[in-house]
Amino acid sequence: VSDRLIYLDHAATTPVRDDVAAAMWPYFTTAFGNPSSVHGAGARAHEAMEHARAMAAGVLKARPGEIVFTSGGTESDTLAIVGAARALRQRGRHVLTTAIEHAAVLEACRALTREGFDVTFLPVDGDGLVDPDRVMDAVRPDTVLASIMLANNEVGTIQPLAEIAAALRTRGVIVHSDAVQAGGALDLDVDRLGVDLLTLSAHKIYGPKGAGLLYVRRGTQLEPLFPGGGQERGRRGGTENVPGAVGLAVALHLAATEREEETLRLERLRDRLIDGVLLRVPGVRLTGHRVKRLPGHASFTVHGINAEALLVDLDIAGIACSSGSACHAGATDPSHVLLALGLPPEVARTGLRLTLGRDTTQADIDRVLEVLPDSVAALRSGEAV
Ligand SMILES: Cc1ncc(COP(=O)(O)O)c(C=O)c1O
């Protein structure tokens, strides 16, 4: 057994890169000022925020004033959905989203229903794809907002977002996208995607936990969740997390610079893993689209196994992965994403997700292909007793 941990749970979180940590460090220590302070220390922190804003905007091909720094993906999703819906409530109270969104989006939408909004949760096909025609069929005269994720965290499927957003905008619907899993992996040009609001989180792209951003297209109405002291141009009160914003911007910039080369490398490793698992482990099915999927994302159902027991076995063998989403407590519930793909509850409890990252090597993949068939076989025979 190798003593190196094979970490294949990058969709849950990633380590902070050394170059990101180094860029953040001064803003914890020497340049610790409050960006709102008038003195030099404040001015330096303010400058760091504006530099980070411009850097993040550069990756999104947006204007710096359209970037709002937040505490992460969950806050950005909530600010986008609740903030935009509240601002638009006089125009209409219908919101569209999909059945496979992250809890950050689903719960923000559910909160809106308690404020008198009506929410439609759009179905997906067996690969997790949203059909643009079904989206348009669901649009009503009172539809004000749609939230459609760019790529799914559990099954890796990438949505035809640009096509959906273009159609929605002809009907005057504001379009938000949770691009947390797409960060670092896909093109985030907000004009090409055609979105009004876009969520990113730093800790999925080798930045710090507790830092995120919301892109807000100029002119998009948004009610702040925390008005507070009016920071972030009144869209998000609270003293800015300066190191977090710097870390996010640097991580995003580095990811964009390395994206093309890293995508090819990850896709090659991912395909080796998917093909190997399908070949060597009986009773395994790929979940999510075979081609329209995130470069480092492999997900399966493993017939007849207890997902949690398998994760524990793999952990003992030095392989860290997940059953689908790390963001849910109570892993015994079947995954809402796998259910939405049409899988029966007993199968939707057997998800296995392996997500690759910058440090993943071919030797890691080959080790998984060596360990996994035996682990699954042992569990199956054990459970049969
Ligand atoms: C698709 C998606 N949206 C939102 C989030 C929440 O982001 P954060 O952990 O930064 O709140 C996550 C991560 O857990 C995610 O995968």
Side-chain angles (χ1 to χ4, degrees), residues 8-16 20 56 67-83 97-111 121 124 128 130 147-159 161 176-186 188 193 195 197-215 225-226 236 238 241 243-245 247-249 251-252 255 287-288 293-299 320-331 335-338 340 351 353-357:
L8 292 175
D9 203 9
H10 292 82
T13 196
T14 58
V16 177
V20 168
I67 305 297
V68 177
F69 287 111
T70 68
S71 69
T74 302
E75 185 189 330
S76 294
D77 284 342
T78 310
L79 174 59
I81 293 163
V82 175
T97 190
T98 80
I100 59 164
E101 299 292 321
H102 187 272
V105 166
L106 294 176
E107 292 308 317
C109 289
R110 289 201 184 106
F121 297 90
V124 295
V130 179
S147 182
I148 316 270
M149 73 196 324
L150 181 47
N152 183 265
N153 47 308
E154 289 193 38
V155 296
T157 301
I158 300 167
Q159 300 301 338
L161 179 63
H176 167 251
S177 185
D178 177 338
V180 166
Q181 291 293 336
L186 304 178
L188 298 175
L193 292 171
V195 293
L197 299 155
L198 183 114
T199 292
L200 286 172
S201 174
H203 75 97
K204 311 288 187 179
I205 56 170
Y206 307 93
K209 292 168 183 62
L213 69 77
L214 180 65
Y215 158 78
L225 298 177
F226 320 143
R236 202 274 185 184
N241 174 3
L248 168 55
L252 196 56
T287 55
R293 71 185 299 134
L294 288 167
H297 196 295
S299 56
C321 53
S322 96
S323 59
S325 165
C327 315
H328 287 281
S335 147
H336 73 281
V337 174
L338 297 183
R353 178 183 74 178
L354 303 143
T355 45
L356 289 50

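Every number for a ligand or one of its atoms is a count from 1 in the order of the listing. By convention here, the first residue in the shown sequence is residue 1.
Residue contacts with ligand 1: M149 is placed with no nitrogen or oxygen under 3.5 Å of a nitrogen or oxygen of the ligand (distance criterion only).
Using a 4.0 Å cut-off to heavy atoms of H203, the atoms of ligand 1 that qualify are 8 (P), 9 (O), 10 (O). Remark: ligand 1 atoms within the under-4.0 Å shell around heavy atoms of G73 are 7 (O), 8 (P), 10 (O), 11 (O). Under a 4.0 Å criterion applied to the non-hydrogen atoms of G72, ligand 1 contributes the atoms 10 (O). Counting atoms of ligand 1 from 1 in the listed order, those under 4.0 Å from a heavy atom of S201 are 8 (P), 10 (O).
Looking at T199, D178, D77 and measuring to atom 1 (C) of ligand 1, the nearest heavy atom belongs to D178.
A 4.5 Å side-chain heavy-atom check between Q181 and H297 finds every atom pair outside the cut-off. In this structure, L338 and V155 have side chains that are in contact, with non-hydrogen atoms separated by less than 4.5 Å. With a 4.5 Å cut-off on side-chain heavy atoms, L161 and V195 count as touching. By the 4.5 Å heavy-atom criterion applied to side chains, S71 and N241 are not counted as neighbours. Within the 4.5 Å cutoff, no side-chain heavy atoms of V337 are placed close to those of N153.
Proximity of K204 to ligand 1 is established by a heavy-atom distance of less than 4.0 Å.
Side-chain polar atoms of H10 and T355 form no donor-acceptor pair below 3.5 angstrom.
By the criterion of a heavy-atom distance under 4.0 Å, the side chain of V180, and not its backbone, is placed next to ligand 1.
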